[in-house]
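Below is one structure, written out as structure tokens; comments come after it.
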Amino acid sequence: MENILFVNACVRPESRTMQLAEYILDRLCGQVAEVNLEQEQIQPLLAAGQDDAEILRYANQFKNADTIVIAAPYWDLSFPAIVKNYLESVTVCGVTFKYSPDGIPIGLCKAKRLIYVMTAGGPVFSPDYGFDYVKALAQNFYGIQDVKCFKAENLDIIGADVQKILNETKKEIDMGL
């Protein structure tokens with residue numbers, strides 16, 4: 001059975017990003033372990049009070065997942081700060097990656113794919129500092145080459161048919177998984 005890690009950065013009660021994430025998770029076959037970033041309250045690595053075991057818990061969980069699903073709304077051209085804190089805690093030399101003698105990162109993660117899902121009230125601009133950052137980490141540090149993004153944009157535009165936009169994104173998910 002596939003080990004699926006769900007990194008949940010959906011902080012709003014009626015999160016449209018969560019709707020899409022649940023849609024993806026329903027289509028994956030495996031056991032889902034969720035890290036709810038709002039409940040975890042992961043601090044930046046520079047913050048005092050975290051010991052190695054606390055930090056390595058997230059890195060080891062990330063390293064051992066077969067598939068990783070990250071759900072984060074598009075905020076300020078990127079993602080919520082809690083996602084950055086989480087990524088700092090999983091990007092650990094010797095756990096999720098190591099350096100070659102030439103200084104090239106070599107991925108140590110078991111995952112074969114990472115799925116990133118997001119919603120945006122307006123358009124997602126290029127470069128997308130959220131997904132592009134996650135993709136760069138996945139491919140260059142973690143060794144995960146199959147990285148996909150599913151997004152629903154323009155949800156808060158006056159006159160937008162939100163359900164139609166979400167349904168179109170679900171069709172993309174069905175075709176892309």
Side-chain angles (χ1 to χ4, degrees), residues 2 4-30 32-47 58 61-62 65-91 111-142 144-177:
E2 189 174 46
I4 301 163
L5 176 61
F6 174 44
V7 181
N8 178 358
C10 304
V11 297
R12 294 188 177 151
E14 300 297 320
S15 171
R16 299 172 296 205
T17 307
M18 181 57 112
Q19 288 179 35
L20 293 177
E22 288 171 344
Y23 189 82
I24 289 171
L25 293 170
D26 286 345
R27 276 143 186 77
L28 298 176
C29 295
V32 177
E34 179 179 352
V35 177
N36 186 317
L37 298 184
E38 185 177 33
Q39 293 174 357
E40 296 293 323
Q41 298 182 8
I42 301 168
Q43 298 298 311
L45 288 183
L46 297 177
Y58 300 110
Q61 183 182 37
F62 194 90
D66 297 312
T67 294
I68 299 162
V69 177
I70 299 175
Y74 183 70
W75 285 4
D76 302 327
L77 302 178
S78 181
F79 42 63
I82 58 175
V83 176
K84 176 66 169 132
N85 292 347
Y86 175 78
L87 292 172
E88 282 183 6
S89 73
V90 301
T91 307
K112 299 291 183 235
R113 66 180 169 172
L114 186 146
I115 302 164
Y116 188 86
V117 60
M118 70 169 148
T119 56
V124 175
F125 297 103
S126 182
D128 172 357
Y129 296 107
F131 173 67
D132 290 347
Y133 175 74
V134 170
K135 183 177 181 181
L137 280 175
Q139 293 179 336
N140 297 310
F141 279 84
Y142 310 141
I144 306 168
Q145 297 306 310
D146 184 2
V147 182
K148 292 185 171 101
C149 179
F150 298 104
K151 61 186 171 186
E153 301 177 73
N154 300 313
L155 296 171
D156 295 337
I157 303 297
I158 295 171
D161 185 340
V162 172
Q163 197 54 56
K164 180 180 178 187
I165 295 169
L166 291 173
N167 287 341
E168 288 172 359
T169 303
K170 288 176 181 179
K171 287 178 188 174
E172 290 174 21
I173 291 167
D174 288 338
M175 292 174 46
L177 281 184

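All of these numbers come straight from a predicted model, not from anything done at the bench.
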Name all residues meeting the ring-ring contact (aromatic ring centres under 6.0 Å, His included) criterion together with [X]; count only those two or more places apart in sequence or in a different chain, and write none if there are none.
X	result
Tyr142	Phe62
Phe6	none
Phe79	none

(Q) Checking side-chain polar atoms at under 3.5 Å, does Glu40 have a donor or acceptor matched by the opposite partner on Tyr86? (A) no

For [X], side-chain contact (heavy atoms from CB on, under 4.5 Å) partners two or more places apart:
X	answer
Asp146	Arg113, Lys148
Ala33	Gln61
Lys112	none

Taking all non-hydrogen atoms of both residues, which atom of [X] and which atom of [Y] are closest, and how far apart?
X	Y	value
Pro73	Ala9	CD-O, 3.4 Å
Lys151	Glu172	O-OE1, 4.5 Å
Ala152	Thr169	CB-OG1, 3.4 Å

Q: Look at the side chain of Gln145 and the backbone N and O of Gln139, then say whether any donor-acceptor pair between them is shorter than 3.5 Å.
A: yes

Q: Check whether any side-chain N or O of Asp66 sits under 3.5 Å from a backbone N or O of Glu2 as a donor-acceptor pair, and report yes or no.
A: no

Under 3.5 Å, which donor-acceptor pairs link side chains of residues 118-128 to any protein atom two or more places apart or in another chain?
unit_1 : atom_1 : unit_2 : atom_2 : d
Thr119 : OG1    : Thr17  : OG1    : 2.4
Asp128 : OD1    : Gly130 : N      : 2.9
Asp128 : OD1    : Phe131 : N      : 3.3

Q: Carefully, step by step, assess Met18 and Asn8 under the rule side chain to side chain contact (heavy atoms under 4.5 Å, CB included).
A: CA-CA 8 Å; Met18 181 57 112; Asn8 178 358; 2.9 Å; yes

Q: Evaluate the criterion side chain to side chain contact (heavy atoms under 4.5 Å, CB included) for residue pair Ile82 and Val11; output intermediate values, then yes/no.
A: CA-CA 10 Å; Ile82 58 175; Val11 297; 3.9 Å; yes

Q: Using the test salt bridge (charged side-chain N to carboxylate O under 4.0 Å, His left out), find all partners of Lys135 that sit at least two apart in sequence or belong to another chain.
A: none

Q: For Glu168, check salt bridge (charged side-chain N to carboxylate O under 4.0 Å, His left out) against everything at least two apart and list the hits.
A: none

If I take atom [atom1] from residue [X] and atom [atom2] from residue [Y], how far apart are they, to the nearest 0.5 angstrom?
X	Y	atom1	atom2	answer
Asn154	Asp161	CG	CG	12.5 Å
Leu114	Ile144	CG	CD1	5.5 Å
Ile42	Tyr58	CD1	OH	4.0 Å
Leu137	Asp132	CG	CG	11.5 Å
Ile157	Ile165	CD1	CD1	8.5 Å

Q | Pairs flagged by salt bridge (Lys or Arg N to Asp or Glu O under 4.0 Å) wherever residues 11-27 is involved - sequence neighbours left out | A | Arg16-Asp156, Arg27-Asp174

Q. Which pairs with one or both residues in residues 114-127 pass salt bridge (Lys or Arg N to Asp or Glu O under 4.0 Å), sequence neighbours excluded?
A. none

Q.
Quick test of your reading: applying side-chain hydrogen bond (donor to acceptor under 3.5 Å, both in side chains), list the pairs with at least one residue in residues 70-82, sequence neighbours left out, ordered by first then second residue.
A. none

Q. Where do Ile115 and Ile173 land on the side chain to side chain contact (heavy atoms under 4.5 Å, CB included) test, with the steps shown first?
A. CA-CA 10 Å; Ile115 302 164; Ile173 291 167; over 6 Å; no

